[in-house]
Protein chains: 2
Amino acid sequence: MPEPLGEFQRRMLEFIVNYIRREGMPPTNREIGKAMKIASTGHVDYHLSMLEKRGYIIREAKKSRGIKLTRHPWGIPVEGTIAAGEPIEIFSEPDQTIEVGHGVDPESSFALIVRGQSMIEDHICDGDYVVIKRQRTCENGDIVVAVHLVEGTPGKATLKRFFLEKEQVRLQPANAELEPIYIPRDEWDREWEIQGKVIAIVRHYGGPGRAA
Amino acid sequence: MPEPLGEFQRRMLEFIVNYIRREGMPPTNREIGKAMKIASTGHVDYHLSMLEKRGYIIREAKKSRGIKLTRHPWGIPVEGTIAAGEPIEIFSEPDQTIEVGHGVDPESSFALIVRGQSMIEDHICDGDYVVIKRQRTCENGDIVVAVHLVEGTPGKATLKRFFLEKEQVRLQPANAELEPIYIPRDEWDREWEIQGKVIAIVRHYGGPGRAA
DNA sequence: CATTGACTCGAATAGCCGTTCTACTCTTGA
DNA sequence: TCAAGAGTAGAACGGCTATTCGAGTCAATG
């Protein structure tokens, strides 16, 4: 999608990216000018408008440091824990987030903390974070968050591999000691819901946890 | 380390964190005032100085949007791939980074892409990213990047669990099919070097990759 | 009551910021 | 040669920003 860039503007974009990474905020036009040895702020503005026209950045007019990268890292909320052998409820972990880059859309993604060994053969361990992309459908073999809707409760969720078979849906744990759940098609349609599929996992060794 | 915060200042800090997450830059004092229904910018400045004094933020005087979080997410560079059965060289993957929050210091951390199945029993798979904290020492049982220094080459690195035994160092793969490497103490001291230990792993399912 | 500390407002100030305008130099190509 | 386009400098302008100051409120404490 992005048009190729000249050498100079490529270096300028690189400076902006590094500045944001280093300082936690975008640079001002004058700071860019100083770093790129450009004397005129109007000149910087000119190059920024080029970068914007070509889709590398988005600018907010008149705002100081009003430069955004079109692809940039974001945090997504951790919405609770999920099991395991027995389905348990997703409960909210207020304020906790994990950082994932990779173009994960924070609007349509969230994370859960895995409890138990039910996905151990897929190398998803107790304590891992799983990053879920919200979607109501999935393909065979996807690892999904499936929710059993029971009236009067918020629903019980489980993390399993999804397989659509002739007469039924099979929710397959990745642990030889655990049995898959078989659900007839009509019951599936009526009482179950896909909440999303796993697109990434994050595991921490030793460390205390995560930042806010 | 951080002193506890009053309700109001806690909400103010939360707003700042969310603003940065949402907008990619810190808010101005006026924007904070508007969001917190504070009429006076001097008033905002007062609360910010409280947050700074208590160690939650750092401010750069006179700079617009000059607020930094003391713990904030960063990207760390991906420096290459690492094996596996056979030690291979770390080669640079220019420009690639992954995002990790959790207070990982980007100055002292980097990431590698795992190739092969040598750590599979620790549930570290082919294609996973391992996040390495640079350090020259480690404790028994740590998963480390160990480099065998051979003259005239940049060194060959391997990913193993480290065990210091009576007369030797044991570098233990997590795969029953692979033999550990045993290194006499004097050879270890002379020819080997710890480059860092694994503090996190990140795995992506399906998706194409990551953003710059 | 008097004092202290935390919090709030309104106003003022000096400087920073994004943007625009004019003018100039190259290079490319018709 | 002429025109067009990209790149550069300098200056100016109006708005935005962080900071400071003086004054005031309120609750807790002595």
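Residue numbers start from 1 in every chain, and the chains themselves are labelled A, B, ... in the order their sequence lines are given, proteins ahead of strands. FYI, side chains are in, hydrogens and waters are out, and symmetry mates aren't considered; it's all heavy atoms of this structure.
Side-chain nitrogen and oxygen atoms of R59(A) include none within less than 4.0 Å of the OP1 or OP2 phosphate oxygen of dG18(C).
Taking D142(A) as the reference, nothing meets the side chain to side chain donor-acceptor pair (under 3.5 Å) condition, with sequence neighbours excluded. By the ring pair (Phe, Tyr, Trp, His ring centres under 6.0 Å) test, F15(B) pairs with Y19(B), sequence neighbours left out. E60(B) pairs by the salt bridge (charged side-chain N to carboxylate O under 4.0 Å, His left out) definition with K63(B), K68(B), not counting sequence neighbours. Applying the side chain to side chain contact (heavy atoms under 4.5 Å, CB included) criterion to D128(A), with sequence neighbours excluded, gives I124(A), C125(A), I201(A), R203(A). By the salt bridge (charged side-chain N to carboxylate O under 4.0 Å, His left out) test, D126(A) pairs with R115(A), sequence neighbours left out. In terms of the side chain to side chain contact (heavy atoms under 4.5 Å, CB included) criterion, residue partners of R190(A) (sequence neighbours excluded) are, by chain and number, D186(A), E187(A). Listed by chain and residue number, nothing satisfies the salt bridge (charged side-chain N to carboxylate O under 4.0 Å, His left out) test with R30(B) (two or more places apart in sequence, or in another chain).
When DNA chain D is scanned in the 5' to 3' direction for atoms under 4.0 Å from non-hydrogen atoms of chain B, the outermost contacting nucleotides are dT17(D) to dT20(D).
Between K197(A) and E139(A), no side-chain nitrogen of the basic residue sits less than 4.0 Å from a carboxylate oxygen of the acidic one, so the salt-bridge criterion is not met.
When the C1' atom of dC17(C) is taken as reference, atom CZ of R65(A) falls 9 Å away, rounded to whole Å. Distance E60(A) CD to dC17(C) C1': 15 Å, rounded to the nearest Å. To the nearest angstrom, P of dC16(C) lies 15 Å from CE of M25(A). dG5(C) atom C1' lies 10 Å from atom CE of M50(B), rounded to whole Å.
Note on the helix from dC1(C)-dG30(D) to dA30(C)-dT1(D): angle between the axes of the first and last five pairs equals 10°, rounded to 10 degrees.
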### Query
Which letter, B, S or -, goes with each nucleotide of nucleotides 8-15 of chain C from 5' to 3', with contact meaning a protein heavy atom under 4.0 Å?
BBBB----
Could you pull out all donor-acceptor pairs under 3.5 Å where a side-chain atom in residues 34-44 of chain A meets a protein atom, sequence neighbours excluded?
{"unit_1": "S40(A)", "atom_1": "OG", "unit_2": "G42(A)", "atom_2": "N", "d": "3.1"}
{"unit_1": "S40(A)", "atom_1": "OG", "unit_2": "H43(A)", "atom_2": "N", "d": "3.3"}
{"unit_1": "H43(A)", "atom_1": "NE2", "unit_2": "H47(A)", "atom_2": "NE2", "d": "3.1"}

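Ring centers of F162(A) and W188(A): under 6.0 Å apart, within the cut-off.
Counting only residues at least two apart or in different chains, salt bridge (charged side-chain N to carboxylate O under 4.0 Å, His left out) contacts with residues 116-125 of chain A comprise D122(A)-R161(A).
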